[in-house]
Structure formats: C-alpha cells, structure tokens
Amino acid sequence: NAINLAQHAIMSDPVTLTVTSVLVNDNEVALGAEVATFTLETDDIYSNHAWTLSDTVNDPSTFYAIDANSIAGGEVVSAEGLVTYTGSIVLTQAGVDHLNAGNSLPELTVQVADAVLIGTPQTDSDSVTPGVNEVNDAPIVENLVKQDVIEGTTLANDVVATFSVS
C-alpha cells in the first residue's frame, strides 16, 4: 500500500492553532512590539496557510499585525510527522497610539486556513487579550506660577504658587 504523497499534501488533516499573550509595559511600547505569539500544528509541510487577524474593535485589525518574518517555515517536531509553525503578533502604529492614549488593548483573534486543492480547507482560530503592565509613571509638575508676596504681610493659607501635575 503506497501512500500518494501528492494527494496527501493537498488533503490536509485538521490544524491546531494556539495563541498566547505576551506581557508588555505600557511605557515601553513601540511600533513592532510583540504582544502575542502563536503556534500552529499541522501534518502538512507543503501547505500555504491563509492567516487573518481581527480584534474586538477592528476587523480586520488595525492595532495588530502578524510578523510575516516569524512564520517563514515549519519544523517537523514529532515522530507522527506534525509540523509546527510559530509566529508573532506585533503592534501597529495605530495600536501603539491606542495604548499611549490610555486605552487597554482589545482581544485579538488569529484564524488560519490551509490551502487545499481537494475538499474543505481545515481551519482553526484562537483568541487572547494581550497583557499590559501599567507602569506607575513619575508625576510631572507643570505650569508652575509664582505669586508675589510682601514680607510681613503674608498670612497662613495665602497662595504663594500654583501648579498642575500630570
């Protein structure tokens, strides 16, 4: 019983996708900062996978992007012939701006489908909310305005300066 490798490559078994949050500090985020990782397990090393990314605010997502360099190839990792692809979800400039405006990052969903020529493409999806460590930033004193006072005429509770803190 010979196995037809060409047919095996185009009729894929189910794929399994797992997405994991990566904790980021809110005061250190920048364009391209990794906020999640994903792992895809499949039996098909020849498949071209179609990836979609959405979040609870935007579909398709404008806050996140899949780092295309991180999913360039798969690695056979088991005796059963399972192939594992790993990759990263990173912040776009819109995501950085959203976080820097004091907002939390929304849940993201990654979906993958394999490209088959026969039958129904196998798909899987997983969702995660990126973790953000809100760092307690030092306060900044602004708008310091001194008030003129005359020696010997000031009383308790007289205003001698005004300022604001952000």
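The basis for the numbers below is simple: all heavy atoms, side chains too, and nothing from hydrogens, waters or symmetry mates. Keep in mind it's a predicted model, so treat the numbers as computed, not measured.
Around the CD atom of Glu134, the shell of radius 6.0 Å holds no more than 12 heavy atoms that belong to other residues, nucleotides or ligands.
Remark: Asp126 engages no residue in a side-chain hydrogen bond (donor to acceptor under 3.5 Å, both in side chains) (not counting sequence neighbours). In terms of the side-chain hydrogen bond (donor to acceptor under 3.5 Å, both in side chains) criterion, Glu107 has no residue partners (sequence neighbours excluded). With sequence neighbours excluded, the residues that form a side-chain hydrogen bond (donor to acceptor under 3.5 Å, both in side chains) with Ser127 are Thr109. For Asn100, the side chain to side chain contact (heavy atoms under 4.5 Å, CB included) partners two or more places apart in sequence, or in a different chain, are Val29, Val96. Remark: Phe63 pairs with His98 by the ring pair (Phe, Tyr, Trp, His ring centres under 6.0 Å) rule, at least two apart or across chains. Scored by the side-chain hydrogen bond (donor to acceptor under 3.5 Å, both in side chains) test, Ser61 finds Asp55 as partners (sequence neighbours excluded).
Expressed to the nearest 0.5 Å, how far CZ of Phe38 lies from OG1 of Thr18 amounts to 11.5 Å. We find the CG-CG distance between Asp124 and Leu40 to be 8.0 Å, quoted to the nearest 0.5 Å. Residue Gln111 holds its CD atom at 8.0 Å from OG of Ser54, rounded to the nearest 0.5 Å.
Nearest heavy-atom pair, Asp26 versus Leu99, reported as atom, atom and distance to 0.1 Å: CA-CD2, 4.4 Å. Closest approach of Gly32 and Val90 over heavy atoms only: O-CG1, 3.4 Å. Nearest heavy-atom pair across Ser21 and Gly131 is OG-N, 2.8 Å. Closest of all the heavy-atom pairs between Thr129 and Pro106 is CG2-C, 4.5 Å. Nearest approach of Val19 to Ala36, heavy atoms of both residues: CG1-CB, 4.2 Å. Minimum interatomic distance between Thr84 and Glu41 (heavy atoms only, all atoms of both residues): OG1-CG, 3.8 Å.
Formation of a donor-acceptor pair under 3.5 Å by the Ser125 side chain with backbone atoms of Val110 is not found in this model.
The aromatic ring centres of Tyr85 and Trp51 sit 6.0 Å or more apart.
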Would you sort out whether Ile89 and Leu108 count as a side-chain contact (heavy atoms from CB on, under 4.5 Å), showing the intermediate values?
CA-CA 9 Å; Ile89 308 297; Leu108 64 89; 3.9 Å; yes

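If you chain together hydrophobic residues whose side chains sit under 4.5 Å apart, Leu91 and Val132 fall into the same group.
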